[in-house]
Peer 1: 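Could you have a look at this structure, given as structure tokens, before my questions?
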Amino acid sequence: MPKPRVIYWFRTDLRLHDSPALKAALDLKPECLYPIWTWDPHYVYRARVGPNRWQFLLDSQNDLSASITALNPKSKLFLIREAPQTLLPKLFRAWQITHLVFEKDTDAYARERDDTVMALAKKAGVEVVVRTGRTLYDPDELIKFNKGKPTMSISQVQAAGAKIGDIARPIPAPKSLPDPGNTNLDFEQEVPVPTPDFNSNQRDRDENTYSAIAGPNGDFAVPTLNELGLRKPSSPHRGGETLALEALAKIIANKTYTATFEKPNTAPTAFEPQSTTLLSPHLHFGSLSCREFYWRVQDVVSTFKGKASQPPTSLTGQLLFRDMYFGAQADMGHSFAQTYNNSHCRFIPWHLPSEIDAETGRATGEYQTDDSQAQEWFTRWKYGRTGFPWIDALMRQLRTEGWIHHLGRHAVACFLTRGGCYIDWERGADVFEEWLIDHETACNVGNWQWLSCTAFYAQFYRCYSPIAFPKKTDPEGDFVRRYVPELERFDKKYIYEPWKTPIADQKAWGCIIKGDGTEESKGDMHVYPKPMFDFPERREVCIKAMKKAYSIGLYGNDPKVLDGTWRALFDDDAEGPTEGKQGPPGAMVVDEQKEADEEEAVQSSEQKARTQKKKEVITNAGQKREAGQGTLDAMVVRKKKKKV
DNA sequence: CGAACCGTTGGGTTC
DNA sequence: CGAACCCAACGGTTC
């Protein structure tokens, strides 16, 4: 038997401590171990990732690479710039690999990717070793012990978890690592096609990370933000296992905080420091193990002299919610992240619905602008110009720092969907995906469904007020003053509703409340927009619309949703794109043939204008661009035409 | 089977 | 000022 030559494939497990998969690799007693990262074009071009999360990823990779080198000066994180599906078979041959080891990943794309890679490994005679480590429980096990169904409530997770058994204690980081073998790459690099590039709006120059397979210096280095062509990151939150373990230690040192933490009682208005742990981005990239977190907390709780908090509100409870969302996503795959064809997501006729590729049934990443006012509200929401200081402060904090408090996320999500704009939760999820440094598809999508009352939660009459809610924890308005500095000098009486401020006071406090957020400040006088709608009025409209949608009771996989006949069930004057003749022909699907027929049949100039408007494609940045070559639209069109 | 109760995180009024 | 209660009312689970 030849001695094992092992590739350890790092993905969302950028750490050395508590890695069951890395332990499995070392247990093989390999002759050589290659710690690698495959620079996947799916992540570079297809996922929405802003500069702040890129920075966090590169931080995490660089820190891990340094830690590997500290254990073995010959080793590092070998970063190889090619899609894993084409790269790995070539590596198997070039390095005479016997084993491929990685941590299980149940994300929809990751499953497909790993299935492909496992088939290729089998073909190459390479043994694959997979270990669970990303969540407290294996999501597939959770489903199995939840009667084969997705975990949709925390009690289901707790019941299934009790059947699975104890959560494993963390594994210490290895004290040494085997040498890598030769690192020859005597094969051709397959350079990916960079279009469509969903991250083009994140760049201010060309992306150039595929210039050479082992990087511009041939040293397998982690790419730089410069190579990625990214705009400058603005977040103060930085990544890496070293920082993660330091941050955890600091939290654990405060025994009262750790043992009595109750999420609903933490303040979303707190900043410097924030009221929650901010460990979520480390959990996402795997620079912190969830079991390390769980047991360090549990050990404090079990020796705590006072009354400790309990799941689901306690710190460990937060990890259970994470597992719940993974257990839901793992069962539903791609359909989990969209309404269309989702068996567990309620259908609500929101504005700005996702465009669906009729062939695959999957969201294309684009959306339909059914209503110009909703589009304007969406853009104002995204860029923090709604005229509601609480909402705007949160969205500005999100954009610049990449992190906001969980309850702040509730506030902006409720406002965008069922409690204000009546805009599709998928639009909000897209923005969070782009800007959050802790973006985790399962948790992000799950929480957007929760807040929009389309899954996990149904009490839509409980609605967050952008005025009353922040007042509870921040009557002075310090949070708003920090992130909406033009209102810094406003009296606390008006800080959450500045449009009520007398003109004389507006002038005295240096900010005029007027316009829609597009107006420039004049001299030393700032301008802050008027609220974009009357909130109590919108709340009433939304609750009424939600009540109607609930009574109709469709889910995303209902035949009426799939074929578009849902329209007949909703009133023409209700919220949402419900107007039978004016709306897109089939559910959220744009049927190209029908669209073309309609175009030909256009008679009035009014209709003509509308048809032309539909041809504009709105990017995830809310910027209009021409639909054409290089867009996902174009790709889909090509695919369809080929079939015809 | 129906009623009661519960669900991590609402707002407003009353006491 | 904090706790208790109502508002108008969801689905899922328990009894």
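A, B, ... follow the sequence lines: proteins, then strands. Residue 1 opens every chain. Atoms considered below: every heavy atom in the structure, side chains included; atoms not considered: hydrogens, waters and symmetry mates.
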Peer 1: Give, ordered by number, those residues of residues 309-320 of chain A having at least one heavy-atom distance below 4.0 Å to an atom of DNA chain B; if nothing qualifies, reply none.
Peer 2: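 Only A:Pro312, A:Thr313, A:Gln318 qualify.
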Peer 1: Tell me, which stems hold DNA chain C, with a stem being 3 or more Watson-Crick or G-U pairs in a row and both distances under 3.5 Å?
Peer 2: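 Output for stems: B:2-7 with C:10-15, B:10-15 with C:2-7.
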Peer 1: Quick one: list whatever passes side-chain hydrogen bond (donor to acceptor under 3.5 Å, both in side chains) with A:Thr501, sequence neighbours left out.
Peer 2: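 By the side-chain hydrogen bond (donor to acceptor under 3.5 Å, both in side chains) rule, A:Thr501 matches no residue at all.
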Peer 1: Counting only heavy atoms from other residues, nucleotides and ligands, does the tally under 6.0 Å from NZ of A:Lys492 exceed 12?
Peer 2: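 It does not: A:Lys492 NZ has 12 such atoms or fewer within range.
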Peer 1: Excluding sequence neighbours, so at least two apart, what forms ring pair (Phe, Tyr, Trp, His ring centres under 6.0 Å) with A:Tyr294?
Peer 2: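 A:Tyr294: no ring pair (Phe, Tyr, Trp, His ring centres under 6.0 Å) contacts found.
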Peer 1: With sequence neighbours excluded, tell me which residues meet side-chain hydrogen bond (donor to acceptor under 3.5 Å, both in side chains) with A:Arg169.
Peer 2: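 Only A:Asp299 meet the side-chain hydrogen bond (donor to acceptor under 3.5 Å, both in side chains) criterion with A:Arg169.
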Peer 1: Taking only distance into account, with no hydrogens and no angle test, what donor-acceptor pairs under 3.5 Å do side-chain atoms of residues 535-542 of chain A form with protein atoms, sequence neighbours excluded?
Peer 2:
from	atom 1	to	atom 2	distance (Å)
A:Arg538	NE	A:Gly420	O	2.8
A:Arg538	NH1	A:Glu575	OE2	3.0
A:Arg538	NH2	A:Gly420	O	3.1

Peer 1: Between residues 299-307 of chain A and DNA chain B, which residues have a heavy-atom gap below 4.0 Å?
Peer 2: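 Residues of residues 299-307 of chain A that come under 4.0 Å of DNA chain B do not exist, since none gets that close.
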Peer 1: Under the side-chain contact (heavy atoms from CB on, under 4.5 Å) rule, collect the residues that match up with A:Ala330, sequence neighbours excluded.
Peer 2: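 Counting only residues at least two positions away or on another chain, A:Ala330 forms a side-chain contact (heavy atoms from CB on, under 4.5 Å) with A:Thr106, A:Arg111, A:Pro139, A:Asp140, A:Ile143.
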Peer 1: Answer with base, sugar-phosphate or nothing: what part of the nucleic acid does A:Lys471 contact at a heavy-atom distance below 4.0 Å?
Peer 2: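 Nothing, no nucleic acid heavy atom in range.
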Peer 1: In residues 151-166 of chain A, what residues come within less than 4.0 Å of DNA chain B, judged by heavy atoms?
Peer 2: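 Heavy-atom contacts with DNA chain B come from A:Ile154.
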Peer 1: Kindly state each residue pair satisfying salt bridge (charged side-chain N to carboxylate O under 4.0 Å, His left out) with at least one member in residues 268-295 of chain A, sequence neighbours excluded.
Peer 2: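 For residues 268-295 of chain A: A:Asp18-A:Arg291, A:Glu292-A:Arg296.
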Peer 1: From the 5' end of DNA chain C to its 3' end, which nucleotides mark the outer limits of contact with chain A, defined by a 4.0 Å heavy-atom distance cut-off (strictly under)?
Peer 2: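 Contact span on the strand: C:dA9 to C:dT13.
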Peer 1: Any residue in residues 453-470 of chain A with a heavy atom nearer than 4.0 angstrom to DNA chain C? Just list them by number, or reply none.
Peer 2: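 Only A:Ala458, A:Gln459, A:Phe460, A:Tyr461 qualify.
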Peer 1: Identify whether any heavy atom of A:Arg418 sits under 4.0 Å from a base atom; if not, whether one sits that close to sugar-phosphate; answer base, sugar-phosphate or nothing.
Peer 2: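 Counting heavy atoms under 4.0 Å across all strands, no contact is made by A:Arg418.
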